[in-house]
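One structure is given here, and the rest of the page talks about it.
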Amino acid sequence: MRAMVLEAPGRPLVATDLPRPEPEDGQVLLRVRACGVCRTDLHLLDGEVDVPHPPRVLGHQIVGEVVEGAGRFDPGARVGVPWLGWTDGTCRFCTSGRENLCVHARFTGRDIDGGFAEYAAADPRFCFPIPDDYPDLQAAPLLCAGLIGYRALRLAGDGERLGLYGFGAAAHIICQVAVSQGRRVFAFTSPGDEPTQAFARELGAEWAGDSTVDPPEPLDASLIFAPVGPLVTTALGVTDRGGVVVCAGIHMSDIPSFPYELLWEERVVRSVANLTREDGREFLAVAPRVPVHTEVTMYPLERANDALEDLRAGRFRGAAVIVPPGSAA
Ligand SMILES: [Zn+2]
Ligand SMILES: [Zn+2]
């Protein structure tokens with residue numbers, strides 16, 4: 001099968017012919033129909049997040065069709081494979097409803113070969129049925145951008161005035177969810193990125209502007225999706241008393257030191273790591289009810305490097321999705 005492989009960090013992915021994966025330990029074999037591209041893939045590519053055992057096939061937002069069934073899924077079923085690929089089920093985090101923090105967790109497209117390929121093997125206990133309302137391409141970004149974005153939104157609390165820093169794949173989904181919950185969304189982009197600010201307004205943001213500009217009123221919560229540490233102090237500076245700033249990415253540049261008064265009055269800064277299967281079930285039930293519409297740009301598998309570089313440069317709006325040759329997506 002064709003696959004785009006990370007051989008070493010700092011180098012582009014390499015188009016490679018690999019044997020079709022052999023499912024083991026109850027895994028299902030999936031024909032990949034589409035696979036979303038995530039900011040985390042850039043961090044893996046750049047070596048900011050470690051890939052323990054390269055070579056590795058990246059891609060952790062897989063929409064696949066079951067070829068060889070096992071467990072809960074029959075052949076032909078359409079399933080989604082997220083970033084959380086396996087947990088031990090026994091550590092103190094797994095046994096307290098926090099499998100996202102499992103000390104032995106294995107992640108799709110980092111520890112387990114992912115979906116930038118024609119086939120992938122996955123543990124069906126960690127796969128989700130894809131809601132019927134979503135075609136393959138539109139479903140793919142739900143599996144990380146949507147799902148971990150949703151976890152970040154939940155952990156931000158119930159505040160009405162919500163800031164979104166970095167309006168990419170995750171924010172364009174979470175904006176729609178937040179508006180449907182009756183929240184008021186304030187979207188921040190790189191300075192001067194007017195097309196993305198217009199996109200945020202189209203999706204229901206009440207205000208959109210440069211991240212260097214103060215919003216018209218203080219915010220109750222902010223989600224930071226851009227991997228830019230100084231945004232933490234920027235966001236804190238416009239957060240009301242008791243508000244929350246959630247860092248929603250897996251990697252961020254250093255956060256500058258800041259005066260205590262930015263944190264004082266019970267403001268909270270926290271991160272969000274990975275997902276639990278419960279997050280997935282909940283979000284995939286919520287998305288069709290909103291309903292969330294995902295805007296996607298399709299790239300053939302062989303152009304995965306272009307998708308990654310276009311993500312880095314902000315050349316598309318919404319999410320990039322990779323489609324292998326012969327996929328019906
Ligand atoms: Zn991701
Ligand atoms: Zn565990």
Side-chain angles (χ1 to χ4, degrees), residues 4 6 13 25 32 34-46 48-51 56-64 80-116 120 122-123 125-128 139-153 166-174 223-227 246-252 271-280 283-284 287 292 294 296 299 304 307-308 310-312 316 318-322:
M4 294 299 286
L6 178 91
L13 305 180
D25 298 337
V32 177
C35 186
V37 179
C38 177
R39 170 75 53 183
T40 295
D41 297 317
L42 272 184
H43 296 313
L44 296 166
L45 187 76
D46 294 343
E48 291 160 337
V49 176
D50 188 38
V51 176
R56 182 62 69 211
V57 179
L58 304 189
H60 58 268
Q61 304 186 82
I62 307 172
V63 177
V81 185
W83 171 243
L84 187 71
W86 186 87
T87 58
D88 58 20
T90 56
C91 75
R92 69 191 187 90
F93 298 100
C94 283
T95 53
S96 59
R98 296 178 290 167
E99 64 182 1
N100 60 308
L101 301 177
C102 176
V103 292
H104 296 120
R106 302 179 70 201
F107 298 104
T108 309
R110 194 196 82 150
D111 307 297
I112 303 166
D113 278 336
F116 293 177
D123 185 329
R125 295 172 302 165
F126 292 85
C127 298
F128 304 107
L142 301 177
L143 293 164
C144 187
L147 217 151
I148 297 183
Y150 184 71
R151 180 177 177 83
L153 178 64
F167 204 86
H172 101 287
I173 292 172
I174 295 311
L223 311 184
I224 303 181
F225 294 112
V246 181
C247 306
I250 194 169
H251 172 83
M252 184 180 254
S271 67
V272 161
N274 314 318
L275 65 131
T276 66
R277 284 172 279 181
E278 189 53 37
D279 294 326
F283 175 66
L284 291 173
V292 169
T294 55
V296 302
Y299 293 81
L308 287 161
D310 289 352
L311 169 60
R312 191 193 300 283
F316 52 80
V321 178
I322 284 170

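The first residue of the sequence shown is numbered 1, and numbering continues consecutively from there. Note that ligands are numbered from 1 as they come in the structure, with each ligand's atoms numbered from 1 the same way.
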Does [Y] offer a backbone N or O that forms a donor-acceptor pair with the side chain of [X] under 3.5 Å?
| X | Y | value |
| --- | --- | --- |
| T108 | P82 | yes |
| R277 | R125 | yes |
| D41 | C38 | yes |
| R56 | R110 | yes |

Worksheet item: Looking at side-chain heavy atoms only, is the closest gap between N100 and R151 below 4.5 Å?
Response: yes

Discussion item. Ignoring waters, how many N, O or S atoms from the protein are under 2.8 Å from the Zn ion (ligand 1)?
Written reply: 3

Worksheet entry | Polar protein atoms near the Zn ion (ligand 2) [N, O or S; cut-off under 2.8 Å] | D88 OD1, C91 SG, C94 SG, C102 SG

Item to complete: Let me see the working for R312 and D46 under salt bridge (charged side-chain N to carboxylate O under 4.0 Å, His left out), right down to the final yes or no.
Response: CA-CA 11 Å; R312 191 193 300 283; D46 294 343; 2.8 Å; yes

Worksheet entry | Option from L308, L311, I250 for which side-chain contact (heavy atoms from CB on, under 4.5 Å) with R39 holds | L311

Item to complete: For R98, check salt bridge (Lys or Arg N to Asp or Glu O under 4.0 Å) against everything at least two apart and list the hits.
Response: none

Item to complete: Sequence neighbours left out, what passes side chain to side chain contact (heavy atoms under 4.5 Å, CB included) with D88? Give chain and number order.
Response: W86, T90, C91, C94, C102, V103, H104

